[in-house]
Amino acid sequence: MAVGAEASQEMAGQAASVLKGEVTLTVALAGQPNVGKSTVFNMLTGLNQHVGNWPGKTIEQKTGTHRHNETIIHLVDLPGTYSLTANSLEEVIARDYIIKERPDLVVALVNAASLERNLYLVAELLPLPTRVVVALNMMDVAADAGLNIEPQVLQAALGVPVVPMVATKNRGLRELVETLDRLARGEISYRPNVPEIRDDHREVLDEIHALMADCVPEPYPSEWVALKLLEGDDEITAMMRDECLPPERWERVHEILMAHEDVFLAVASGRYAWVVRMIRAAVTRPRAGQITLTERLDRWATHPLWGLGILAGILGLVFWLTFTVGAPLQDLLDTYVVGALADAASAWLGGAPAWLSGLVADGIIGGAGTVITFLPILVIFFAVLALLEDMGYMARAAYVMDRFMHLMGLHGKSFLPLFLGFGCNVPAVMGARIIETHRARLLTILLAPLVPCAARMTVIVFIAPIFFGKAAMLVAWGLIATTLAVLATVGVLVNKWVLKGERAAFIMELPLYHRPNARTIGIQVWHNSTAFLKKAGSLILIMSVIVWALSALPHGDIETSYLASVGKALAPLGGLMGLDWKMMVALLTSFIAKENAIATMGVLFGAGDEAAGLDAVLAGILTPAAALAFLVVQMLFIPCVAVVATIKQETQSWGWTGFSVGLLLVLSLVGGVVTYHVAAWV
Amino acid sequence: LKSRENVADIDIHTKMAKVQGQRTTLFRDQQGDKVVGLVTLDHIKEVPCSEWPTTTGAQVMVSAPQTRGGRHFLSRLAALGFTPGARLRVMQNFGHSPIIVNLRDTRVALGRGEATKILVERLVGGEDGCRS
């Protein structure tokens, strides 16, 4: 509530300067999903924006500024929501912001191509105390669908400014800003046609309102609270019951509510009836029998069989891009940037103590190198994800995969981030952002490290041929299949025992296909990449330095280091899997990066960095059963430092990060022991 | 657009439920006989646009949804436009994967489990049937 007080003081300050001169306006950007909200936001603010989280929430908050003559618009992007009833965290955030922070204006961004459903949110926004401007986006998509919309007719009906726009082509944005400016300066009249509850429920609403109007806490509008009670809104109900109303009065309110349990449907119907009245004159529809492009494309894209084929094709293309463009770039960066830097640092620090040059070259530059070399692959994945999302394809991919993800209590939407994990688990964890519900997002993040990433594959590719000869390919596929089976099992179990709760109902809008916007995609990629560099990057760097220190201290030699001591302490555990302490240390160093396991073995077995001699040494000391056990552990082992850091960043919780690490540690060790014994017995 | 507001039709069903005092009786009318044409959404097959409007059954009407879906679910559905009286058209229903419907100018994918909780009434004919 302290925040609310601050905001209203700010409001008072602004009100004084509203008429002329320099003005700062706080404008909230509201809208349903798939209305081009991020395009509008990016167009207005460019790179002049700040991405963070809503206070205390894991949902992204974007704010930015736009300057128009003497007006500075401070734009706050609200989460995309279909309504303002507390069905999801996003809806609570959106309405709390409008009610408690009192922005000067709200832009209700609506998709002209599905006006009827989109104006539902406007029907919810108008009764709130903040003035609303309706931005009618995607006029081109509506025209393509054969809809003829007259914005001025809609404006007359709604009584609030309506601005037609095509944000992707930068049309109408200037007019929107001008309208905001003029409305704030009182140059445009504002007489909203606020939807009223249907007459047959007016009485009930008034009855409830009368019972509680005097004790509705600031800054909630009391009639709005009464309506939300009638709609059965959990949050408002809890607030009135626990904090506001004396018990005996709550009893009476509760009685009335129980007697009118179905009213929420009538309230929603009433809003839609209002919407239909609003658009009746403004929209002319095409004649019947017209088949749209979206319908034609969806015959294939959402077909149970062809849809899967198309998805497989697209994913194959992503893989191809990663390996033909991403991987070589990664190598180039590693050799010419990171390697050169490390060499230069060693040369420059030639006279300094060995620990210092080690710290700089191996610890800091090595750690930073890990971060930088991730970038090409991350950028490719982010770009493809943003492209598919912007085109409207993402919802179709989720649709065809839903059957399979259902088993784990997830939606089809979780499939895409998990798929990204095959390249690298970091974008997989970050990609989980596209999932709406907190529970499903968390489960997806927990499962992501179980997708075998490219780095783990390289370890398999190196070790399997040494022990299994011609069967190596079979072993590799077997390991991947096993890992995925473990993933599915863990998914089912975690869903059942840990993250209990209903799978959220599968209701998903399939947006119309439209041409992607390069600027939106570019800014999205830029933000995701810089967010990774800033947040996960610094954590990766710190952890790399720590692990480096453990492997170098106290004598600057890994064989006598603290890490080796840990490895030796773990030897009895390794014994259960047929692994000696050196192999355990190799596992431990794979925490920095999975492919490190091979390099560490090289050092410990005295074969140098040349892997040529290592296979002979390994073949001598490991039984095939132990090698298989090692590979199983390697596949399931705790994720690398980059993934752990990203999990922390995305879950905002050390608890869940610890859970993920602990779960994988137990899984991998149990898997290793079981594999060793079964394999030795066979 | 003219036949879009079928609020009156729905009130009949809600009242029915109240008269009987039970939600399950949504399937029955006041005399306790089955109401013809009320089925759950998952039973509605899609009809290709080319056959419209000579074929009936492509367009359905959301009747008072069964409330066993839980309030949250119904509230989400209502926000998306699944309110009593709304007209929708089934675009895809293979009998297994999720269903795709078109209502209020929006294509919505709906899990089968969810579809079984929505009670609909078949409509015969109609002009605005094949629009996406």
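Chain identifiers are assigned alphabetically (A, B, ...) following the order of the sequence lines, protein sequences preceding nucleic acid strands; residue numbering begins at 1 within each chain.
To the nearest 0.5 Å, atom OG of residue B:Ser97 and atom CZ of residue A:Phe404 are 9.0 Å apart. Here CG of A:Leu510 is found 10.0 Å from CE of B:Met91. Values are rounded to the nearest 0.5 Å. In this structure, the separation between CG on B:Asp105 and CG on A:Leu147 is 6.0 Å, given to the nearest 0.5 Å. Here the OG-CG distance, from B:Ser75 to A:Leu265, works out to 8.5 Å after rounding to the nearest 0.5 Å. Distance check: B:Leu110 CG to A:Glu509 CD gives 13.0 Å after rounding to the nearest 0.5 Å. The OG1 atom of B:Thr106 sits 7.0 Å away from the CG atom of A:Asn118 when rounded to the nearest 0.5 Å.
A search for ring pair (Phe, Tyr, Trp, His ring centres under 6.0 Å) contacts involving A:Tyr272 returns A:Tyr120, not counting sequence neighbours.
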Practice problem: Give the C-alpha distance, both sets of side-chain angles, the deciding distance and a yes or no for salt bridge (Lys or Arg N to Asp or Glu O under 4.0 Å) between A:Asp298 and B:Arg107. | Solution: CA-CA 10 Å; A:Asp298 269 356; B:Arg107 295 167 76 83; 3.2 Å; yes
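No part of A:Ala123 comes within reach of chain B, as not one of its non-hydrogen atoms sits under 4.5 angstrom from that chain. Heavy atoms closer than 4.5 Å to chain B are found in both the backbone and the side chain of A:Arg117. Proximity to chain B (any heavy atom under 4.5 Å) is restricted, for A:Glu231, to the backbone atoms N, CA, C and O.
Scanning both residues, A:Tyr399 and B:Ile99, for their nearest heavy atoms gives OH-N, 4.3 Å.
Around NE2 of A:His303, the count of heavy atoms belonging to other residues, nucleotides or ligands within 6.0 Å exceeds 12.
Within the 4.5 Å cutoff, the side chain of B:Arg76 has heavy atoms near those of the A:Ile507 side chain. Taking 4.5 Å as the limit, every side-chain heavy atom of B:Arg112 sits out of range of all side-chain heavy atoms of A:Phe506.
When only modelled atom types and interatomic distance are considered, A:Thr302 and B:Gln92 share a side-chain donor-acceptor pair under 3.5 Å.
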